[in-house]
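Notes follow once the structure below has been shown.
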Amino acid sequence: QVQLVESGGGLVHTGGSLRLSCAASGFALGDYAIGWFRQAPGKEREGVACISMNDGITYYSDSVKGRFTISRDLVKNTVYLQMNSLEPGDTGVYYCAADLLILVPGSLVPGHYDDWGLGTQVTVSS
């Protein structure tokens with residue numbers, strides 16, 4: 001059974017940094033992708049970055065490109081999201097999710113992902 005556990009959220013000031021972690025377990029053999037999503041109050045869930053676990057290819061939304069970096073540690077089965085130059089607009093609950101089929105490589109569409117963590121809160125104060 002696939003399990004995803006996020007950690008690393010918190011409260012930072014504008015311009016600060018945080019690193020989120022997503023510990024993954026229960027995957028069968030084969031390639032899959034891990035994506036990071038966020039959801040602010042009253043807004044739809046938005047994809048920010050994803051990574052193919054097999055080859056490490058990464059994709060980013062325009063809103064975070066150049067500020068956020070997604071990476072993976074295959075030994076620890078963990079995916080990280082390094083977030084720099086944080087802005088109040090980055091506030092929200094951050095979720096990691098697994099795309100087990102990768103029908104659309106690089107997809108940041110929530111509906112393409114099969115399993116989700118419970119999320120971690122990120123708050124950026126102005």
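Across every non-hydrogen atom of Ala24 and Leu4, the tightest pair is CB-CD2, 3.7 Å. The two atoms that bring Ile70 and Tyr60 nearest to each other are N-OH, 2.9 Å, heavy atoms only. Residue Arg67 comes nearest to Ser85 through the heavy atom pair NH1-O, 3.0 Å, listed as atom of the first residue, atom of the second, then distance. Here the closest heavy-atom approach between residue Asp73 and residue Val75 is recorded as OD1-N, 3.0 Å. Residues Leu20 and Gly9 share a closest heavy-atom pair of CD2-N, 3.6 Å. A pairwise comparison of heavy atoms in Tyr113 and Ile34 identifies CE2-C, 4.2 Å as the closest pair.
Relative to the ring axis of Phe37, Arg45 does not place its NZ or CZ within 45° and under 6.0 Å from the centre.
Proximity of a side-chain donor or acceptor of Asp31 to a complementary backbone N or O of Asn54 within less than 3.5 Å is detected. Checked by atom type and distance alone, the side chain of Thr14 pairs as donor or acceptor with a backbone atom of Ser125 at under 3.5 Å. A side-chain donor-acceptor contact under 3.5 Å links Glu6 to the backbone of Leu118. With Thr91 contributing its side chain and Val124 its backbone, the two residues share a donor-acceptor pair below 3.5 Å.
For the atom pair Gln39 CD and Gln121 CD, the distance stands at 11.0 Å (nearest 0.5 Å). A distance of 10.0 Å separates NE2 in His13 from OG in Ser126, rounded to the nearest 0.5 Å.
Val79 and Val2 fall within the same hydrophobic cluster, where Ile, Leu, Val, Met, Phe, Trp and Tyr residues are linked whenever their side-chain heavy atoms come under 4.5 Å apart, directly or through other members. Residues Leu74 and Trp36 share a hydrophobic cluster, clusters being chains of Ile/Leu/Val/Met/Phe/Trp/Tyr side chains in contact below 4.5 Å. A continuous path of ILVMFWY side-chain contacts below 4.5 Å connects Met53 to Phe68, so both sit in one hydrophobic cluster.
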Let me see the working for Ser25 and Asn77 under side-chain contact (heavy atoms from CB on, under 4.5 Å), right down to the final yes or no.
-> CA-CA 7 Å; Ser25 62; Asn77 274 348; 5.9 Å; no

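Evaluated for a side chain to side chain contact (heavy atoms under 4.5 Å, CB included) with Leu81, the options Val122, Ile51, Val48 yield exactly one hit, Val48.
Taking 4.5 Å as the limit, some side-chain heavy atom of Glu46 sits within range of a side-chain heavy atom of Ser63. Two residues are said to be in side-chain contact when any heavy atoms from C-beta on lie closer than 4.5 Å; Val64 and Met83 fail this criterion. The side-chain heavy atoms of Asp99 and Asp114, taken from C-beta on, include a pair separated by under 4.5 Å. Looking at His112 and Leu103, their side chains never come closer than 4.5 Å, going by heavy atoms from C-beta outward. Side-chain contact between Thr120 and Ser7: absent, with no pair of heavy atoms (C-beta onward) separated by less than 4.5 Å.
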